[in-house]
Amino acid sequence: MTATDVNVDKLRAQELNVMSPAEREALDMEIHGVESRATVETPTMIDESLGRLYQELQQLLSHKPRLQPYLIHNPISQLGLRFLRTDFFHVTKAATRFCKFLELLDDYFGQDVLKCGYVTINDLGRQELKLLKEGSIQILTSRDRFGRRIIAWMGEAGKEYSVATKIRLYLYVFLVVSEDVKTQQKGLVELIWPSGH
């Protein structure tokens, strides 16, 4: 299946159809910035969830030896908490998402970045830096009324660059934006303003 074969409306409808009416309403309220679905966190819950996440990751990564250096070299708490918040502290979903993220790091940045589990500006190549400096991707300094960070994609947003270059840059941008706890809990807003429209 290619990206052009995917019917986004059909995928969205399928996802909404498996949700209860209350879940759909809560999602709609969150999208419009009325109320958050973020889990109320306590230190005990965070510690227990991180412990369970570590166990899940050990199990998942036992079948993926290329990704195991991450667990050897890093405490799980910093990045793990981002994935737990993304999946509302559903540990299995968070572990699966975390594993896919590690695969992306390995595929697009290699083992050195995988070992540290983080992308810095020094890990970007000439093409990614050139695309970043063009300014078509902006992290705005303001937030929406709900407190969410805003990322703006303007113009062609790297149309002439390879997919790999854009993915490396997008990984970097999203890691930078997600350092903020409020963004981890409330999400972010993406504004896309293509040129010629």
Side-chain angles (χ1 to χ4, degrees), residues 1-19 23-39 41 78-79 81-88 90 93-94 97-98 100-101 104-105 107-109 113 118-197:
M1 179 183 299
T2 66
T4 55
D5 296 332
V6 175
N7 183 330
V8 176
D9 291 331
K10 185 176 179 180
L11 288 174
R12 184 170 187 274
Q14 288 171 344
E15 287 182 5
L16 289 173
N17 283 336
V18 297
M19 298 172 106
E23 290 171 325
R24 285 194 298 271
E25 178 70 18
L27 177 63
D28 195 45
M29 298 292 263
E30 185 173 57
I31 288 170
H32 291 92
V34 176
E35 62 186 52
S36 175
R37 296 183 303 150
T39 305
E41 300 173 15
Q78 289 185 344
L79 271 178
L81 199 47
R82 294 182 200 194
F83 289 95
L84 285 167
R85 287 176 172 143
T86 298
D87 286 307
F88 305 104
H90 189 286
K93 288 181 181 179
R97 186 183 303 269
F98 202 151
K100 289 177 182 177
F101 168 75
L104 280 173
L105 283 186
D107 290 347
Y108 289 97
F109 289 97
V113 171
Y118 202 78
V119 179
T120 68
I121 199 151
N122 295 327
D123 297 314
L124 299 178
R126 280 191 358 230
Q127 290 297 306
E128 292 89 23
L129 291 172
K130 183 179 174 193
L131 176 55
L132 185 62
K133 288 176 184 176
E134 286 178 5
S136 58
I137 301 165
Q138 298 283 321
I139 301 170
L140 304 186
T141 56
S142 60
R143 296 174 183 265
D144 74 353
R145 287 188 203 184
F146 198 49
R148 297 177 289 203
R149 293 295 303 261
I150 302 169
I151 298 178
W153 311 90
M154 299 167 287
E156 298 293 318
K159 184 178 179 181
E160 69 275 8
Y161 293 89
S162 71
V163 171
T165 295
K166 289 187 274 190
I167 289 173
R168 284 192 293 269
L169 182 59
Y170 297 165
L171 278 169
Y172 169 72
V173 168
F174 284 112
L175 279 168
V176 168
V177 169
S178 71
E179 287 176 352
D180 175 50
V181 172
K182 192 181 274 189
T183 300
Q184 293 171 25
Q185 294 170 330
K186 293 188 175 190
L188 57 87
V189 174
E190 291 182 79
L191 300 176
I192 301 170
W193 192 311
S195 64
H197 297 286

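All residue numbers refer to positions in the sequence shown, counting from 1. In this text, all values refer to a predicted model and were calculated from it rather than measured experimentally.
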Checklist line | side chain to side chain contact (heavy atoms under 4.5 Å, CB included) partner of Arg149, the single match among Val189, Val177, Thr141, Leu140 | finding: Val177
Margin query: Quick check for you: to the nearest 0.5 Å, what is the distance between Thr165 atom OG1 and Arg126 atom CZ?
Written below: 11.0 Å
Next item on the list: Evaluate side chain to side chain contact (heavy atoms under 4.5 Å, CB included) for Leu124 paired with Ile121, printing each intermediate quantity in order.
Entry: CA-CA 5 Å; Leu124 299 178; Ile121 199 151; 4.1 Å; yes
Next item on the list: Could you pull out the closest heavy-atom pair between Leu131 and Ser136, with the gap in Å?
Entry: CD1-OG, 4.0 Å
Check: Out of curiosity, Lys166 NZ to Lys159 NZ, how far, rounded to the nearest 0.5 Å?
Finding: 9.0 Å
Next item on the list: Report, as yes or no, whether the 6.0 Å neighbourhood of atom CD on Gln78 holds more than 12 heavy atoms from other residues, nucleotides or ligands.
Entry: no
Note to self: Within the structure provided, determine whether Tyr170 and Trp153 are in side-chain contact (heavy-atom separation under 4.5 Å).
What the structure shows: yes
Check: NZ of Lys100 to CG of Asp107: how many Å apart, nearest 0.5 Å?
Finding: 13.0 Å
Note to self: Do Val173 and Val176 make a side-chain contact, defined as non-hydrogen atoms from C-beta onward lying under 4.5 Å apart?
What the structure shows: no
Margin query: Using modelled atom types and a 3.5 Å cut-off, is there a donor and acceptor pairing between side-chain atoms of Lys186 and backbone atoms of Ser36?
Written below: no
Next item on the list: Check whether any side-chain N or O of Asp28 sits under 3.5 Å from a backbone N or O of Arg24 as a donor-acceptor pair, and report yes or no.
Entry: no
Check: Hey, what's the ring geometry for Phe98 with Phe83, parallel, tilted or perpendicular (30° and 60° as the breaks)?
Finding: parallel
Check: Taking all atoms of both residues into account, what is the closest heavy-atom pair of Glu23 and Val18, and its distance?
Finding: OE1-O, 4.4 Å
Notebook entry, point to check: Closest heavy-atom contact between Leu171 and Phe109?
Noted result: CD1-CE1, 3.9 Å
Check: Any idea which heavy atoms bring Gln184 and Glu179 closest together, and the distance?
Finding: NE2-O, 3.5 Å
Item checked: Leu11 side, atom CG; Glu15 side, atom CD - distance, nearest 0.5 Å -> 7.0 Å
Next item on the list: Hey, could you give me the OH/CD distance between Tyr161 and Gln127, rounded to the nearest 0.5 Å?
Entry: 6.0 Å
Next item on the list: For the residue pair Leu79 and Arg82, establish whether any side-chain heavy-atom pair is separated by less than 4.5 Å.
Entry: yes
Notebook entry, point to check: Does any N or O in the side chain of Glu128 come within less than 3.5 Å of the main-chain N or O of Arg168, such that one atom is a donor and the other an acceptor?
Noted result: no
Next item on the list: Go through the steps for Arg85 and Val181 under the test side chain to side chain contact (heavy atoms under 4.5 Å, CB included), then give the verdict.
Entry: CA-CA 9 Å; Arg85 287 176 172 143; Val181 172; 3.8 Å; yes
Note to self: Nearest 0.5 angstrom please: Tyr172 OH to Leu175 CG, how far?
What the structure shows: 9.5 Å
Note to self: Pair Arg143, Asp180 - check side chain to side chain contact (heavy atoms under 4.5 Å, CB included), show working.
What the structure shows: CA-CA 12 Å; Arg143 296 174 183 265; Asp180 175 50; 2.8 Å; yes
